[in-house]
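Take a look at the structure set out below.
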Amino acid sequence: MKGSTHRRCYCRDPHTGKPLGKKCPKLSSRKHGSYSIRQELPPRDDGTRRSFSRAGYDSLKAAQADLDHVRALLGLADSDDAEGLAQIAELLEKVAEEKAPLPDIDATRRRLSHGLDLTSRLTVGEWLDIWLAGKKGRQSAISRDESNIRVHLKPRIGHLRLDRLRVTHLSEMFEAIAEANVEIAEGNAARRKAFEDLAQIPWKGREHRARRKMMKAAIEEMEPYRRIAGPATRQRVRSTLRAALNAAIAQQLITFNPAAHVELEAGKRPKALVWTEERILHWKRTGEKPSSVMVWTPEHTGLFLDHVAEDRLYALFHLIAFRGLRRGEACGQKWTDTNLDAGLITVAKQLVVDGWEVYEDDPKTDAGARTIALDSETVQALKRHRAQQDKDREEWGSAWVETGRVFTKENGELLHPANVTRRFVELYEEIGLPPIRLHDLRHGAATLAHAAGADLKDIQEMLGHSSITITADTYTSLLPEADLAIAEAAARLVPRARKAEEPVPDGADPSGEIQEINSPSAHAPLTQTAPDEESEAE
């Protein structure tokens with residue numbers, strides 16, 4: 001396609017007022033006038049001609065450089081690539097019309113190779129959609145990324161150009177999210193207070209009914225309950241953005257990832273706490289849980305299991321409480337991976353909830369695929385459960401749904417993990433136990449194993465953690481009795497010439513000889529240490 005440079009001036013004939021053009025006598029001087037370029041472009045779809053023109057260059061060298069730039073852009077598409085040539089022609093037409101700088105050749109090549117629109121600037125939101133559409137991996141992880149993009153990223157930074165995204169933009173975004181948390185908390189508190197006030201209005205009476213109607217109308221206009229984006233959530237949002245921007249770097253769309261350099265408050269794992277009497281009293285007075293992760297004492301766990309002994313899901317709750325399976329792992333456990341004669345189960349699959357849909361997937365981590373030993377009581381609970389399931393299979397006959405799962409509905413269908421959680425809450429509330437999540441039974445299993453003498457490595461393998469740090473930081477809350485026993489044992493390790501005076505224990509005479517020994521508690525083997533030889537000798 002033809003292209004050329006030429007020099008012209010804007011001098012006019014003093015008599016006619018017409019432009020002199022090339023007839024201007026001053027054009028003999030190189031300093032007079034300016035240079036222009038013109039390059040033929042591929043014709044339009046209707047066959048009409050089009051071209052790129054630009055004027056105002058001070059030198060022939062500058063004009064020739066831009067003409068070469070235009071030709072290089074046209075050369076990005078093969079001669080037989082009609083669609084690519086049309087895209088580049090539209091881009092150059094738009095650049096000429098807007099008198100914008102010529103686009104970068106390498107950046108245009110990348111956008112053309114990825115099938116992106118050359119005439120528009122790629123925004124963060126557009127790239128996030130492209131990245132998410134091509135993302136591979138666990139559906140649960142993809143759903144989490146989609147939620148982060150939809151709720152946080154696109155509304156706040158989706159309009160920004162991808163190549164102009166800076167650390168300051170992200171800092172402002174996360175500050176705005178933190179500020180929004182205050183509004184969300186206030187809105188949630190106002191809605192909760194409205195429901196409390198509504199509950200105080202009697203049902204009977206015309207005036208009371210009118211007040212209830214007004215209160216319900218006011219509640220309808222309020223914002224629904226929303227979750228606060230705490231430090232851990234903000235870290236996950238940044239993780240999603242950082243992964244998307246790393247992919248953009250790999251595609252050579254950008255060269256810098258601002259998400260890797262924005263500073264955020266660390267998302268700390270919640271520390272598991274045991275429901276002691278003091279914490280239970282505080283919860284009953286205020287309704288506040290001391291931690292988002294609470295663990296029952298062995299007595300609480302025993303009360304719960306005794307209460308649900310006749311429930312269809314007893315064996316599932318028993319398995320989680322003592323061997324620490326995740327909810328999805330327990331619901332997805334198959335009889336083919338369960339060997340009750342050997343007292344072993346292999347965790348090979350889990351049920352995952354995406355929205356409300358349930359699908360089968362591999363364990364959460366490579367370490368999650370593990371074999372767990374069962375105690376004799378758990379084996380007996382599973383054998384009784386299997387006998388009941390066989391009876392159900394006979395009763396349902398041809399209507400029985402064979403899934404091969406250990407825990408199913410009465411007709412053999414898969415359990416929905418959310419319904420299992422709902423049933424768990426109903427059961428412990430029936431006997432007034434302090435609240436925990438179903439997942440906290442897993443925390444309790446780690447606590448019991450630790451109190452029984454298992455080390456952190458054993459507990460890590462039982463729970464299927466990829467890192468022992470997770471086990472140590474989150475799952476091993478010492479029972480108060482075990483903590484006391486460790487404190488006493490540590491104190492005995494230090495030799496003292498003079499012992500501190502001790503109060504005379506109940507049942508002892510002034511000489512210090514104990515007349516009667518109280519019987520140990522049912523959990524003494526788990527929470528007490530045997531006296532060492534030196535203390536026995538004393």
Side-chain angles (χ1 to χ4, degrees), residues 135-147 232 236 239 243 269-270 272 293 313 315-340 342-375 378-379 381-382 385 403-408 413-421 424 437-450 454-476:
K135 186 174 172 59
K136 302 293 188 293
R138 290 180 178 274
Q139 184 57 45
S140 57
I142 294 174
S143 297
R144 183 176 62 247
D145 288 333
E146 185 277 331
S147 177
R236 287 192 289 270
S239 177
R269 292 183 177 275
V293 180
L313 297 180
L316 182 147
F317 296 135
H318 183 109
L319 184 62
I320 296 176
F322 284 99
R323 304 313 296 153
L325 269 69
R326 298 178 176 92
R327 180 185 70 173
E329 293 171 347
C331 292
Q333 185 65 29
K334 294 183 176 181
W335 282 116
T336 53
D337 298 318
T338 305
N339 188 341
L340 297 184
L344 298 171
I345 62 170
T346 299
V347 179
K349 294 293 179 181
Q350 65 170 340
L351 296 187
V352 180
V353 180
D354 181 22
W356 186 252
E357 297 297 320
V358 178
Y359 65 92
E360 183 186 84
D361 200 356
D362 294 330
K364 188 175 180 181
T365 63
D366 292 339
R370 61 201 187 278
T371 298
I372 301 174
L374 304 177
D375 58 279
T378 302
V379 169
L382 289 171
H385 176 79
T403 60
R405 308 288 175 179
V406 175
F407 305 107
T408 65
E413 291 181 351
L414 293 177
L415 287 172
H416 195 295
N419 288 333
V420 175
T421 296
F424 171 71
R437 305 169 304 164
L438 177 57
H439 192 78
D440 292 338
L441 276 185
R442 174 174 160 85
H443 295 256
T447 302
L448 290 174
H450 187 67
D455 60 25
L456 290 182
K457 187 63 178 177
D458 295 331
I459 297 172
Q460 177 195 354
E461 293 176 355
M462 179 185 79
L463 298 177
H465 287 154
S466 58
S467 169
I468 198 170
T469 304
I470 299 175
T471 311
D473 288 351
T474 309
Y475 287 83
T476 51

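In what follows, every heavy atom counts, from backbone to side chain, and hydrogens, waters and symmetry copies are set aside.
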Does any non-hydrogen side-chain atom of L319 lie less than 4.5 Å from one of L374? yes
Between E360 and L414, is any pair of side-chain heavy atoms under 4.5 Å apart? no
Quick one: do K349 and D362 make a salt bridge, cutoff under 4.0 Å? yes
I want to check something: taking the side chain as every heavy atom from C-beta on, are R138 and D361 in contact at a cut-off of under 4.5 Å? yes
R437 versus H443: any side-chain heavy-atom pair under 4.5 Å? yes
Hey, which of E329, Q333, R323 is the one that makes side-chain contact (heavy atoms from CB on, under 4.5 Å) with I345? Q333
Rounded to the nearest 0.5 Å, how far apart are CG of D145 and CZ of R236? 11.0 Å
Look only at the side chain of H416 and the backbone of V358, and say whether a donor-acceptor pair between them is shorter than 3.5 Å. no
Going by heavy atoms in the side chains, are Q460 and R370 under 4.5 Å from each other? no
Supply the atom-to-atom distance Q139 CD to E357 CD, rounded to the nearest 0.5 angstrom. 10.5 Å
Looking at side-chain heavy atoms only, is the closest gap between T403 and W335 below 4.5 Å? no
Straight-line distance of N339 CG to L382 CG, nearest 0.5 Å: 11.5 Å
Restricting to non-hydrogen atoms, name the atom on C331 and the atom on L415 that form the minimum distance, rounded to 0.1 Å. SG-CB, 4.5 Å
Determine the minimum heavy-atom distance between A348 and P363, stating which atoms define it. O-CD, 3.2 Å
Heavy-atom pair of closest approach, residues A449 and I459: CB-CG1, 4.2 Å
To check you understand the geometry: which heavy-atom pair defines the closest contact between L344 and A373, and what is its length? CD2-CA, 3.7 Å
Looking only at side-chain N and O atoms, does T421 offer a donor or acceptor that is under 3.5 Å from a partner on R327? yes
Do F424 and L441 come close enough that some side-chain heavy atom pair is under 4.5 Å? yes
Could you give the distance from OH (Y359) to CD (Q350), rounded to the nearest 0.5 Å? 8.0 Å
Where G343 and V379 come nearest, the two heavy atoms and their spacing: CA-CG2, 4.0 Å
Spacing of CZ belonging to R442 relative to CG belonging to L325, to within rounding of 0.5 Å: 7.5 Å
Looking at every non-hydrogen atom in both residues, tell me the closest pair between A330 and F407 and how far apart they are. O-CD1, 3.2 Å
Quick one: CG on L438 to CG on L316, what's the gap to the nearest 0.5 Å? 7.5 Å
